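Right, one structure below, let's go through it.
Note that the structure is predicted; figures quoted are calculated from it, not measured. In what follows, every chain begins at residue 1, and chains take the letters A, B, ... in the order their sequences are listed. All values below were derived from every heavy atom in this structure, side-chain atoms included, with hydrogens, water molecules and symmetry-related copies excluded.
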Amino acid sequence: MPRIIGDGGEGPLLFSERPDWADVTPIPQHEGYNPIAPIFYAPEYKDATDYFRGIVKTNEKSQRVLELTETVIRMNPAHYSAWQYRYHTLLAINASLDTELKLMDILAIQFLKTYQVWHHRRLILTALHSSSPPLSDPSASPSEPPPLDTTPKDFKAAQIELAFISRVLMTDAKNYHTWSYRQWLLAFFDDARLWEGEMSFVERLLEEDVRNNSAWHHRFFVVFGREQLPGDESRESVLKRELAYTKDQIALAPNNPSAWNYLRGILERTKTPFSNLRTFVEPYTKTRSSEEPKEDVLDLENPAPSSTAELPCVAALEFLADIYEDESENKENAIEIWKTLANERDTMRKKYWEYRIKELLENA
Amino acid sequence: MSSLPPLPKLARVAHAGHCNRCLSALPSSHAHIDASRLAIGFYCLGTLDLLGLIDEKTKEEERQSWREWLWQQQTRGVYGTGFKPSSYMTAESPNDTMQDEYSKFDTPHLIMTYTAILTLAILRDDFTQLDRKGIIRFLGSCQREDGSFTSFPEGGEADLRQVYCAFAISSMLGDWSGIKVDRAVAYIQRCFSHEGGYGQQPTGEALGGTTYCALASLYLAPSATVTENANSYITSSERHRLIRWLVQNQAPAGGFSGRTNKLADACYCFWCGASLQILGVGDTVDKASLASFLARCQFKFGGISKDPDDRPDPYHTYLSLAALCLFPLEDADVSWRLPRLDPLWNASEPTANWIREHVSVSPCD
């Protein structure tokens, strides 16, 4: 299917039309008889992949291979062989990895949801900041930890990377790959100064959208994810700080499962009994009544639900029932709450609440 | 729950048509799936399998040529044997011989090897061409120090999806000698997140798809001691939190979301629903709301999409039907009747039985 050249000058020349590629023998794809889900390849894709197979066959690693693989990748960002070959070529010809990273800044945003884009970025970062670049691939948690004190050059690079990821998260604040990459990067450089900035970053995102579960997850990662754990005393102050923050966010938007899951997460992680939160949770389990007496004392440790909040809050009822379940004198109360959830407040999960009742009775 | 609209028919023939069209050809705009065509083939043929329309909607000569094409993707080399994602890197050779060893940039792919075995079973292949020993060796080549697996030897992403495929293949072959199960189990356990689901990687946010991968793997894994119910790899506290997080993901729309505070998506009806089935608490799902959501995801010209406002694709079509297999409605129209599904392998019962009889190294007698 030859393309008419010069019919308006659209698009770059095919590789098969370029004199500087004349020395490469393109290799067509062997598709076989009646293949599954064949793709009607565009002439440009067929052309580029024919030349890519040709290059792989002769094992050429050169500057022009970077151009060829970029062309393939732009048409098919999930072409992992092209990514793989590109990475090997970059190392073989000692190409500038900073330049590569700049190109990746563009491709990451264009192909945000493609695994390979982020995987390649990890490889490049690892190659740039390790004594020996890995020929295969780095682990999610790097097997070879970087030196304890990040060099000023590495620190600067990590800061630039974090800023880049923040920009990408502006376009899609819940993108799974982007968040995974951020967590990998923090673990890779493992520098306390980098981790410190993460809390304010997370809080900024949660101010924008308190229901952003990825941001809540990242907060958990930042608070508990570092190997280098603080001493017992500061661990207590961390719990206090996290409880205060989470309670405030729940007061702001009580029907937010992300915040409740976070609350449960930190309690379980620190082995803190749920019952410690009873005073905080109870007001969220009550139906709002107009005759309610005004609170005389403002309890800063236990912020009350906002005046516009929809009450009772299902997550609070669930939480209170979990407290009751562990108290011999309150088991009946737990069952009452689950019945309310099953029949009125959360009927989608009717069978689940009935399952909880059954479990409790069986274990009694 | 009484407010649900009456359930329309499941448009079986239209969904089969959607998948048949994708099987026969895809437009050039689909170049991005060039390196995962075996998976597309699995979703298309899997759809026909679940609908019981394989024999009716495909010809024996077609099935024969697909089996041949699939076997052409089985490739041998230094890392062992497995299946390539498609012929996208296969060079045309003058004498059309396919027996050359793979090159470093055309290796088999772990996920595609899992889908290839399933697809060949759907096509009722006799598996005499399966290089079992080579595949076992390939699995080992993909495993890393930390217990996880990469998609292909010496490269590619490593997360719970690859662990699941390695476990599924080992269990299908009935041979776990290729992999270090203990390390892989420890890796899975590290992926458990504070919310009660498993993230894609040890630091990841809880996600429906990878929670399925984790649970199915742990339930496929050979236990050191055979206990009847409680799976020894999951603590009772973890089990409690898993069930809670999973049921919480059934969104107001009736379908499941993959993460907290996200919208319902048809594929998570399978990933979360199957996870609950594996845990033995499938009854906690609101089946009527689930079916109602999936009914609304049916596209008017066939196929099922991720939500009612999107376009259909074979992936969401297959997983929606797989979810419906796990949560049958007693009083629904006959069009909704589907076969039982093996939730651990993600295959219809007849196909799972075929695997047991034809893939296993030492078939049970």
Side-chain angles (χ1 to χ4, degrees), chain A residues 27-42 45 49 53 56-57 75-81 84-85 115 119 135-137 139-141 143 174 176 179-180 183-184 187 211-214 217 220-221 225 256-258 261-262 265-266 268-269 347-352 355, chain B residues 1 22-23 25-28 30-38 40-41 44 62 65-66 68-70 72 87-93 103 105-106 144-146 148 150 154-158 193-195 200-205 207 247-248 250 252 259-262 281 283-286 289:
Chain A
I27 301 180
Q29 177 174 335
H30 174 88
E31 191 59 293
Y33 171 69
N34 197 23
I36 284 177
I39 299 167
F40 283 124
Y41 298 125
Y45 184 75
T49 53
R53 279 183 291 272
V56 171
K57 173 98 177 170
M75 289 185 280
N76 174 9
H79 196 301
Y80 67 84
S81 304
Q84 205 187 355
Y85 201 82
Y115 280 97
H119 184 68
L135 264 180
S136 58
D137 68 311
S139 325
S141 42
S143 50
K174 297 181 179 181
Y176 204 92
W179 281 107
S180 296
Q183 284 139 16
W184 172 82
R211 290 181 172 79
N212 182 344
N213 198 59
S214 302
H217 175 82
F220 198 91
F221 168 78
N256 175 14
S258 296
N261 285 358
Y262 188 80
I266 54 176
E268 266 148 7
R269 174 70 180 231
T347 52
M348 174 86 76
R349 269 159 286 278
K350 181 180 173 63
K351 294 285 178 58
Y352 171 68
Y355 159 81
Chain B
M1 291 204 295
C22 294
L23 270 179
L26 293 166
S28 62
H30 282 54
H32 60 282
I33 56 124
D34 207 10
S36 50
R37 277 169 49 201
L38 246 59
I40 304 300
C44 290
E62 279 178 307
S65 60
W66 288 330
E68 278 166 20
W69 185 81
L70 285 163
Q72 284 174 13
S87 47
Y88 84 121
M89 279 297 290
T90 310
E92 189 87 74
S93 59
S103 80
F105 301 98
D106 191 19
R144 300 191 305 175
E145 279 299 299
D146 68 354
S148 66
T150 45
E154 287 191 26
E157 329 89 64
S193 92
H194 77 271
E195 287 193 272
Q200 191 158 285
Q201 292 168 338
T203 57
E205 180 184 355
L207 181 63
V247 297
Q248 196 187 58
Q250 189 163 18
R259 295 186 255 163
T260 304
N261 271 331
K262 296 268 281 183
V281 289
D283 288 347
T284 54
V285 172
D286 182 345
S289 299

Review point. Looking at side-chain heavy atoms only, is the closest gap between A/E31 and B/W69 below 4.5 Å?
Key: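 A side-chain contact exists here, since the closest heavy-atom pair is under 4.5 Å.
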Exercise for review: Flag the pair A/F220 / A/I266 as yes when at least one side-chain heavy-atom distance between them is below 4.5 Å, and no otherwise.
Suggested key: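 Contact flag for A/F220/A/I266 side chains = yes.
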Review point. For the side chain to side chain donor-acceptor pair (under 3.5 Å) test, which of A/N256, A/N213, A/N261 pairs with B/N261?
Key: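 The single option meeting the side chain to side chain donor-acceptor pair (under 3.5 Å) with B/N261 is A/N256.
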Review point. Only one of A/R53, A/Q29, A/H30 forms a side chain to side chain donor-acceptor pair (under 3.5 Å) with B/E92, so which one is it?
Key: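 Of A/R53, A/Q29, A/H30, side chain to side chain donor-acceptor pair (under 3.5 Å) with B/E92 is met by A/H30 alone.
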Point to revise | All side-chain hydrogen bond (donor to acceptor under 3.5 Å, both in side chains) counterparts of A/Y262, not counting sequence neighbours | key: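 With sequence neighbours excluded, A/Y262 shows a side-chain hydrogen bond (donor to acceptor under 3.5 Å, both in side chains) to A/E242, given in chain and number order.
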Check your understanding: Can you tell me if B/Q201 and A/S180 form a side-chain donor-acceptor pair at under 3.5 Å?
Key ->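 Looking only at side-chain atoms, A/S180 and B/Q201 do not form any donor-acceptor pair under 3.5 Å.
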Side chain / backbone / both / neither for [X] at chain B, heavy atoms under 4.5 Å:
{"X": "A/S81", "value": "both"}
{"X": "A/E268", "value": "side chain"}
{"X": "A/I27", "value": "side chain"}
{"X": "A/Y45", "value": "side chain"}
{"X": "A/Y33", "value": "both"}
{"X": "A/K57", "value": "neither"}

Exercise for review: Considering only heavy atoms and a distance below 4.5 Å, find which of B/S87, B/A35, B/C22 pairs most often with chain A.
Suggested key: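 Top count of heavy-atom pairs under 4.5 Å with chain A: B/S87.
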Point to revise | Heavy-atom pairs under 4.5 Å with chain A, option from B/A31, B/S103, B/P252 with the top count | key: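 Sorted descending by pairs with chain A, the first entry is B/A31.
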Review point. B/P27 and A/I39: which non-hydrogen atoms are nearest, and at how many Å?
Key: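 That would be O-CG2, 3.5 Å.
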Side chain, backbone, both or neither of [X] within contact of chain A (heavy atoms, under 4.5 Å):
{"X": "B/Q250", "answer": "both"}
{"X": "B/L70", "answer": "side chain"}
{"X": "B/D283", "answer": "backbone"}
{"X": "B/I40", "answer": "side chain"}

**Study point:** With sequence neighbours excluded, residues passing side chain to side chain contact (heavy atoms under 4.5 Å, CB included) with B/E62
**Key:**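 Partners of B/E62 by the side chain to side chain contact (heavy atoms under 4.5 Å, CB included) criterion, ordered by chain and then number, come out as A/N34, B/T58, B/K59, B/W66.
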